[in-house]
There are 2 protein chains.
Amino acid sequence: MSPTPASSAAPSALTRKLAVFTTLTRAEEARLERLQAQRRRHPARTELLHEAQGDHAAFVLQDGWAMSYKLLADGGRQVVDFQVPGDFLGLRSLLLRTSDHNVAAVTDIVVAEVPPRELRELVETEPRLAMALLWAASRDEAMVVEHLVGIGRRSPMVRTAHQVLELHQRLRLVGLADDGSFACPLNQYVLADALGLTAIHLNRTLRQLRERGLMTFRKGRVEIHDAPAMMALAGFEDAYLDQRAPRPS
Amino acid sequence: MSPTPASSAAPSALTRKLAVFTTLTRAEEARLERLQAQRRRHPARTELLHEAQGDHAAFVLQDGWAMSYKLLADGGRQVVDFQVPGDFLGLRSLLLRTSDHNVAAVTDIVVAEVPPRELRELVETEPRLAMALLWAASRDEAMVVEHLVGIGRRSPMVRTAHQVLELHQRLRLVGLADDGSFACPLNQYVLADALGLTAIHLNRTLRQLRERGLMTFRKGRVEIHDAPAMMALAGFEDAYLDQRAPRPS
DNA sequence: CGGCACGTTGAGTGGAATCAAGAAGTGTGG
DNA sequence: CCACACTTCTTGATTCCACTCAACGTGCCG
């Protein structure tokens with residue numbers, strides 16, 4: 001939770017992520033950092049963007065976790081996706097007249113507000129960065145699709161394992177996970193609302209995964225004990241995450 | 001099923017759709033039609049794009065219905081979205097290294113192949129059209145999100161009604177539905193795979209909707225008998241479809 | 001200490017899947 | 001013209017999984 005100043009030498013998580021898609025020049029990196037100069041904090045468990053609101057803004061998450069979700073008339077909640085550092089928040093709603101979903105902070109977070117006109121300017125003057133941003137947006141959409149498939153056609157245990165593996169991969173991409181574990185601030189209610197389960201049933205599912213020696217999810221930390229078995233169980237193919245081989249130099 | 005020549009006076013479905021988002025000049029309309037000049041047919045029940053394949057192409061659907069879906073190891077299928085005239089096919093996979101889903105023709109279809117470089121050229125020279133295309137892409141993504149919410153948190157009857165209402169709205173936008181009904185070539189197996197149900201249970205669900213006097217789904221045609229009651233049941237809010245008021249002139 | 005958020009477990013129920021079978025409609029070839 | 005295959009739709013009986021309701025544990029914080 002230490003907000004690095006934009007002038008810092010350390011690249012932002014967004015820069016790290018886009019560097020996987022393409023090689024970035026010094027100038028492009030600097031431009032990306034400049035785009036994220038305007039930082040601010042936002043407290044845990046509060047809404048950052050609301051569906052109804054008309055004035056849109058997009059953010060880049062710098063630190064902490066967020067989630068996007070929709071609420072139903074009957075009080076139900078469906079979490080559409082989680083966001084980790086380097087991810088955009090509310091990007092899609094820049095173009096639609098009204099934002100179609102809510103975004104809330106899971107933990108205390110640090111975001112960089114990206115004014116629409118600055119983004120447009122960047123797109124017009126830096127075509128390579130524009131392509132990289134489109135790649136990131138396509139990847140986000142592919143994750144939503146994979147999520148849809150999971151809820152529609154995978155069993156609770158398989159889809160839970162899948163979700164965990166996806167988060168692990170995403171965090172590794174921005175340097176926030178090691179080989180076998182990662183910090184995960186989600187509680188079982190939130191995760192259940194993402195997986196289309198009740199918290200109670202998720203709890204039992206997690207227990208089964210634990211008893212099979214596959215993984216543990218406890219006290220803000222996920223430990224993956226048997227990654228190959230998890231991947232086999234989940235039918236996890238990371239092609240949709242488009243993890244390209246790191247470029248030479 | 002009559003493929004109109006690109007030089008025809010009648011605007012393509014894509015043009016009709018984008019004209020809802022913004023006012024198009026004659027020149028822009030012409031440019032859009034030119035983009036879709038290269039037309040070809042594709043037979044029903046055959047694959048147009050496959051996940052594994054590396055060479056990507058994007059298409060604009062001119063006539064007929066298509067669907068995008070993913071297959072699972074256990075033989076399951078999840079239909080992610082249906083496409084109707086005016087919709088893009090395989091647009092997202094232009095940026096990801098490998099296409100992450102399959103696209104198949106539901107009926108005999110006519111598509112226009114959009115070469116990646118022509119699309120890039122259009123984006124660079126026609127910023128207003130580029131914005132309109134991004135709007136369409138955002139709308140597509142919003143539909144996937146809504147679909148996810150339905151499968152995750154809505155009951156089978158509610159989500160079935162919701163899907164039907166969405167298709168109705170989409171078809172109206174391109175002039176393919178009247179107020180109370182539309183031609184729908186989907187069979188119950190395909191629709192069930194979209195809704196995350198078995199075909200058997202969908203059949204019973206459709207019967208309930210029929211017995212309640214809400215709608216009938218039969219012989220390739222959907223009749224909506226009580227639209228207000230359907231919308232109330234489904235909790236249908238069309239904001240995510242971003243149906244803007246038609247522009248003056 | 002009490003209150004609260006979060007996690008855990010048990011018992012019972014309901015609803016969607018599964019298994020099984022048949023009806024209705026369509027196309028094809030003898 | 002009819003027999004046959006095939007697709008699509010429909011219904012019934014049964015099973016099982018995930019939800020619901022209820023309760024209790026645990027750790028944290030005021």
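So that the names make sense, note that chain A is the first sequence line, chain B the second, and so on, each numbered from 1. Values below: every heavy atom of this structure, side chains too, minus hydrogens, waters and symmetry copies.
Checking dT11(D), dA16(C), dC6(C) against the side-chain heavy atoms of Arg45(A) singles out dC6(C) as nearest. For Arg207(B), the side-chain atoms get nearest to dT11(D) when compared with the rest of dT11(D), dA18(D), dA16(C). Nearest to the side chain of Leu197(B), among dT10(D), dA17(C), dT8(C), sits dA17(C). Looking at the side chain of Arg204(B), the nearest of the listed nucleotides dA13(D), dC19(D), dT10(D) is dA13(D). For Asn203(A), taking side-chain heavy atoms from C-beta onward, the closest of the listed nucleotides dT10(D), dA18(D), dT8(C) is dT8(C).
The phosphate of dT10(D) (OP1 or OP2) has a side-chain N or O of Gln188(B) nearer than 4.0 angstrom. Taking side-chain N and O atoms only, Thr198(A) has no distance below 4.0 Å to OP1 or OP2 of dA18(D). Residue Arg218(B) has no polar side-chain atom (N or O) positioned under 4.0 Å from OP1 or OP2 of dT8(D).
Per the geometry, CG belonging to Leu195(B) stands 16 Å off C1' belonging to dA17(C), to the nearest Å. Arg154(A) places its CZ atom 17 Å from the P atom of dA17(C), with the value rounded to the nearest Å. Remark: P of dC17(D) and CG of Leu202(A) are 18 Å apart, rounded to the nearest angstrom. Distance, Tyr189(A) OH to dC4(C) P: 14 Å, rounded to whole Å. With rounding to whole Å, Asn187(A) atom CG is found 18 Å from dC4(C) atom P. The distance between atom CE of Met157(A) and atom P of dC17(D), rounded to the nearest whole Å, is 12 Å. When rounded to the nearest whole Å, the span between NE2 of His201(A) and P of dA22(D) equals 20 Å. Between the P atom of dA16(C) and the CD1 atom of Ile151(B) lies a distance of 14 Å, rounded to the nearest Å.
Using a 4.0 Å cut-off between charged side-chain N and carboxylate O, Asp193(A) and Arg153(B) make a salt bridge. The existence of a salt bridge linking Arg170(A) and Asp81(A) is confirmed by a sub-4.0 Å separation between a basic side-chain nitrogen and an acidic carboxylate oxygen. Using a cutoff of 4.0 Å between basic side-chain nitrogens and carboxylate oxygens, Glu141(B) and Arg92(B) are not scored as salt-bridged.
Residues Ile200(A) and Arg159(A) each lie close to DNA chain D; by heavy-atom proximity, the contact nearer the 5' end of the strand is made by Arg159(A). Annotation: of the two residues near DNA chain C, Arg210(A) and Arg153(A), the 5′-most nearest-nucleotide partner is Arg210(A).
Among the heavy atoms of the strands, none lies under 4.0 Å from Gly220(B).
With a 6.0 Å radius and a threshold of 12 heavy atoms from other residues, nucleotides or ligands, Glu223(B) has its CD atom above the threshold.
With sequence neighbours left out, the side-chain contact (heavy atoms from CB on, under 4.5 Å) criterion links Ala13(B) to Pro85(B), Val174(B).
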